[in-house]
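Below: the structure, in structure tokens.
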Amino acid sequence: MVKIRIIQDRCKQCMNCVRVCTAFDGVYEEGPDGYPVVARPEECVQCLICHAVCPSNAIVHEDYHETVIINPDEKLAERYRNYI
Amino acid sequence: MAHGEEKTETRRRIKKLLMTLIEGHAFVVLKTSPGGTVEDVLYEGVDTRMFETMWLGMSVDELPRVTPMICGVCSATHHVASVKAADQARGAEAPPEAWRIRRMINMGIHLNNQVLHPLVFGLPDFLPPSVEKRSMFALAQREPELVKAGVALMELGHRVVEVYGGRDIHPINGIPGGVARKPPREEVEKLRERFEKHRGDMELFAKKALDIMFSGKEKIDSYPPGYTYMMSLVGDDGGYDIVNGRVRIMDGRTAAVEAEFSDRGRDYLNYLHEYTVPYSYIRMVTTKWRAKNPREGTIHVSALARANAVKTYHVEWADELRDRAAEEFGRPFRHPLLSTVFRVVESAALYELIARELERPIGDPIYSPPSRDTGEGAAVIEAPRGTLIHHYVAEEGKATFINIITPTAINAAAIEADLRAYFMGLNVAEMSDDEVYAHAAAVVRSYDPCMACATHAATRDRVALRIVVADENWKPLRVLKPPRPRGW
Amino acid sequence: MPRLEPKDRYTLALVPLSGCGGCEVQALRALALAPDLQKRYEVVYWPLVVEETRLPDEVDVALVEGLVRTRENLEALREIRRRARVLIALGSCAAWGGIGGNADSFNHRLSMRAIYGVERIEESAEILPRTFAVTDLVPVDYVISRCPPPVEHIMLTLRAIAEGKPVKTADSTVCSQCPRKMKPIEKLEFKPGLPGPDADPETCFLSQGYLCLGSVTTMGCGAPCTRHGIPCFGCGGPHHEIAERRDMDIITALARKIATLAGLDPVKDLDRVVKKLLEVYNPRRFYVFTFASQVLRGKPHGFAVKALVESRRDPVLRKRLEERARFARGEAPPPSPGGGEA
Ligand code: SF4
Ligand code: SF4
Ligand code: SF4
Ligand code: SF4
Ligand code: SF4
């Protein structure tokens with residue numbers, strides 16, 4: 001099972017992740033404090049669409065690099081390894 | 001090789017000096033007779049970034065945040081000039097309160113620049129030549145207090161731009177029709193306190209800097225002026241105003257007014273003439289009535305021209321400092337190296353003007369919506385280095401014509417004229433390279449030419465001096481590598 | 001990560017290419033405000049601040065400002081790469097081509113004619129036919145983006161290099177630092193101009209229908225623009241994921257976020273949103289700071305090349321450029337609005 005984390009100090013509370021999740025029941029739910037909560041991580045199909053629509057890169061799938069098929073272009077990743 | 005050297009005896013020579021301690025890169029090109037006597041001096045700006053075409057077809061409303069990137073040193077001035085021109089193109093009249101904010105943006109960057117120049121470029125020149133790698137950092141070791149005060153003042157200037165303009169470099173607050181936001185009150189309050197606190201620094205900086213320069217009177221006197229005219233924006237009341245007013249062209253010798261024109265609209269085209277030269281990416285500027293003989297219409301713009309043009313700085317202390325300079329050097333002020341003196345005088349005036357302005361809260365309104373999207377506008381304002389002109393034509397909200405005349409472009413011809421006044425007839429073959437360089441640099445630097453304005457480039461040679469063998473038409477034939485300079 | 005052997009004092013050079021000097025000012029401020037850096041670094045070459053015209057044979061750390069516009073720029077860049085142990089691309093110009101990259105909107109010969117009235121300045125530096133970002137031409141060790149980069153970023157990087165420590169890299173977007181609240185977009189409609197002071201100061205610009213590039217731009221600036229009522233226009237350069245992944249582009253990444261905010265499907269409705277965006281905004285508008293970058297031009301599903309081709313082929317703009325060329329030669333007054341001569 002993947003571990004999903006929401007970095008709250010980046011989150012814009014836009015609920016794009018809640019709206020977009022492609023899992024049957026949806027992985028995220030709107031929490032009482034206005035931030036999304038990861039309610040059903042076991043449902044996640046790792047489509048990573050939530051990453052694409054999050055405006056502030058606030059979602060972290062802990063084992064991202066093992067699970068992702070679309071890897072970054074290695075050469076470019078190397079070039080921007082110290083991108084400040 | 002031997003063959004080539006032999007040729008040089010009969011050929012003319014070009015000496016190219018790369019200038020340091022200015023913003024950006026430029027070369028001074030000395031053309032000499034076979035004997036080494038200087039016959040002509042050229043000032044070359046290398047490279048263009050094509051700001052006058054790159055934004056065609058894009059929204060004219062965005063120009064105020066694109067044109068600042070012409071120059072990171074005086075970006076805020078470009079921002080203000082740009083909104084002033086875009087206002088007219090879009091048929092908007094910015095309310096007075098918006099103008100107060102815009103004026104503060106321009107005054108902030110003027111304060112920064114007028115301190116920056118003496119500190120980084122001007123005063124290191126007065127260090128004894130024995131000091132190696134003369135720079136602000138070297139100055140800091142000899143005059144730590146002066147540099148500390150100066151750095152604090154520079155930061156204050158940037159802070160003013162940041163609070164009123166949104167960002168310290170490349171501000172964004174101005175939009176056609178006004179400004180986007182009032183500065184937050186707490187920030188203004190903080191700034192006001194800082195201005196109170198640093199008043200001592202201002203006094204110390206002005207006093208020390210002026211003392212150093214007045215003691216170098218001989219040096220200042222030794223570089224004669226060569227330009228024909230001076231130009232400056234003058235407020236409607238005849239006083240110091242760097243944003244709105246009338247533009248005056250004055251005689252370079254007597255400072256008598258030759259022409260006066262509007263700071264808005266196409267009027268400037270009736271008085272100024274731009275022309276391309278084959279050796280520089282700077283478009284040179286001359287007066288319209290000398291268009292046939294452009295070298296006789298060179299125009300000097302800077303703090304020096306402003307000092308001659310304005311009746312008062314609206315600040316007593318600054319007026320006194322100007323009077324003191326008048327006692328030392330006489331009026332009108334003409335020597336190019338004097339510009340740095342008036343940069344310091346202006347910094348004193350600006351400090352006071354900004355402090356006064358910080359006391360008065362900003363009222364409403366700060367915006368009035370534009371009324372059209374097809375139109376034309378041009379704006380003349382004062383940048384730290386002199387008069388700056390932006391001219392736009394918009395069609396359906398898109399820019400279709402952009403013309404920008406920067407102070408450095410206007411000054412380029414004046415720099416050439418001053419260099420000619422000094423070098424013509426001298427035999428540089430008898431002078432050491434260091435000496436030639438030092439004299440050329442003193443003149444060039446006094447203009448604080450911000451080459452980023454028009455140009456920018458790096459040198460490829462590791463040598464400062466290039467000697468080019470040329471034919472009769474100055475067409476370069478061969479580059480001679482001079483002997484390796486000391487230490488390298 | 002490149003490592004320098006531990007030393008008390010490293011040599012520092014700053015090589016300006018075709019930039020505006022803003023980055024230099026920031027670097028100067030960083031040194032002037034941090035006495036510890038003055039102790040750790042000795043400036044050996046920097047035409048703005050030291051009277052030294054020769055690039056030394058070896059430098060420990062070199063900063064490069066600006067984009068490559070002339071052949072001299074190119075040679076200077078190669079030289080400094082050869083001589084520097086650590087090379088830092090400073091500012092958006094060096095990292096992505098920056099504002100100067102927009103010059104590629106038109107054929108450079110046409111642009112030269114329009115500005116100078118002639119195609120070449122014979123006796124000065126040679127202009128290259130296109131602009132290049134520094135990072136596209138030589139390997140760099142650090143990229144400090146933004147136009148201009150904040151003083152603190154320069155301080156932090158120089159300090160980290162001196163101490164041999166890694167630097168913290170940016171992996172979020174401007175939105176994360178922007179105080180505006182994102183709300184669902186009710187009607188998918190875009191407004192072409194800039195918001196005036198009457199726009200809602202607390203709500204995200206995207207929610208209000210203005211174009212804001214915050215969600216695709218790398219973080220670090222603190223969102224000064226959106227705080228001042230002006231949408232972000234991307235001076236920081238794209239978020240690193242957009243740069244590194246071949247399937248992502250600035251316009252599509254932004255359209256995905258906008259679509260979801262508007263309650264649409266980010267995949268199925270993508271084309272629709274992209275089309276709507278491009279109806280209102282010139283595609284160049286999304287690449288203001290990355291137009292020269294080969295990274296963006298090389299995207300298989302990107303729009304940068306399309307933007308380039310469209311503006312070069314635009315007949316109206318070509319006509320305006322020819323008119324400007326006549327003005328530059330002093331043959332005609334500037335064109336008046338609506339074409340023709342005043
Ligand atoms: S990766 Fe896909 S399934 Fe998993 S949380 Fe994100 S959107 Fe939902
Ligand atoms: S999409 Fe990102 S920013 Fe929006 S609510 Fe989800 S985690 Fe927060
Ligand atoms: S990145 Fe910006 S500040 Fe730096 S040189 Fe380029 S335009 Fe100037
Ligand atoms: S899109 Fe722009 S306005 Fe909206 S949150 Fe992001 S940076 Fe702020
Ligand atoms: S908000 Fe955008 S445009 Fe403004 S400084 Fe940040 S990255 Fe640059």
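Letters go in sequence order (proteins before strands), and every chain restarts at 1.
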With no hydrogens and no angle check, is any side-chain donor or acceptor of Ser18(C) less than 3.5 Å from a backbone partner on Gly66(C)?
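No.
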
message = Looking at Arg318(C) and Phe106(C), would you say the former's side chain and the latter's main chain have a donor-acceptor pair under 3.5 Å?
response = no

With chain B, which of [options] has the greatest number of heavy-atom pairs at distances under 4.5 Å?
{"options": "Asp104(C), Val118(C), Asn282(C)", "answer": "Asn282(C)"}
{"options": "Ala114(C), Gly229(C), Cys225(C), Gly196(C)", "answer": "Cys225(C)"}
{"options": "Leu74(C), Leu28(C), Ile115(C), Val25(C)", "answer": "Ile115(C)"}
{"options": "Leu77(C), Leu194(C), Asn102(C)", "answer": "Asn102(C)"}

For [X], is it the side chain, the backbone, both, or neither that has a heavy atom closer than 4.5 Å to a heavy atom of chain B?
{"X": "Ser111(C)", "value": "both"}
{"X": "Ala328(C)", "value": "both"}
{"X": "Ile80(C)", "value": "neither"}
{"X": "Cys147(C)", "value": "both"}
{"X": "Leu317(C)", "value": "side chain"}
{"X": "Asp198(C)", "value": "side chain"}
{"X": "Pro195(C)", "value": "backbone"}
{"X": "Leu110(C)", "value": "neither"}

- Picking from Gly166(B), Ser59(B), Ala152(B), which has the most non-hydrogen pairs under 4.5 angstrom with chain C?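 Sorted descending by pairs with chain C, the first entry is Gly166(B).
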
Note: vs chain C, highest number of non-hydrogen pairs under 4.5 angstrom among Ile402(B), Val277(B), Ile366(B), Val151(B) is Ile402(B)

Assess whether a salt bridge exists between Glu126(C) and Arg120(C), defined as any Lys/Arg side-chain N lying under 4.0 Å from an Asp/Glu carboxylate O.
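Result for this pair is no, no salt bridge flagged.
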
Does Arg320(C) come within less than 4.0 Å of Glu323(C), counting only side-chain N to carboxylate O?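 Here Arg320(C) pairs with Glu323(C) in a salt bridge, since their nearest N and O are under 4.0 Å apart.
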
Checklist line | Heavy atoms of other groups near Lys39(C) NZ, more than 12 under 6.0 Å | finding: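 For Lys39(C), atom NZ is not crowded (no more than 12 foreign heavy atoms under 6.0 Å).
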
**Asked** When you look at Phe327(C) and Phe401(B), which way does the side-chain contact (heavy atoms from CB on, under 4.5 Å) test go after all the steps?
**Response** CA-CA 10 Å; Phe327(C) 163 73; Phe401(B) 172 86; 3.8 Å; yes

Residues at least two apart in sequence or cross-chain that pass salt bridge (charged side-chain N to carboxylate O under 4.0 Å, His left out) with Arg65(B), listed by chain then number, are Glu62(B)

So the salt bridge (charged side-chain N to carboxylate O under 4.0 Å, His left out) pairs with at least one residue in residues 164-177 of chain B (sequence neighbours excluded) are Asp168(B)-Arg29(C)

(Q) Would you call the rings of Phe291(C) and Tyr287(C) parallel, tilted or perpendicular, taking 30° and 60° as the class edges? (A)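 It falls in the tilted class, 30° to 60°.
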
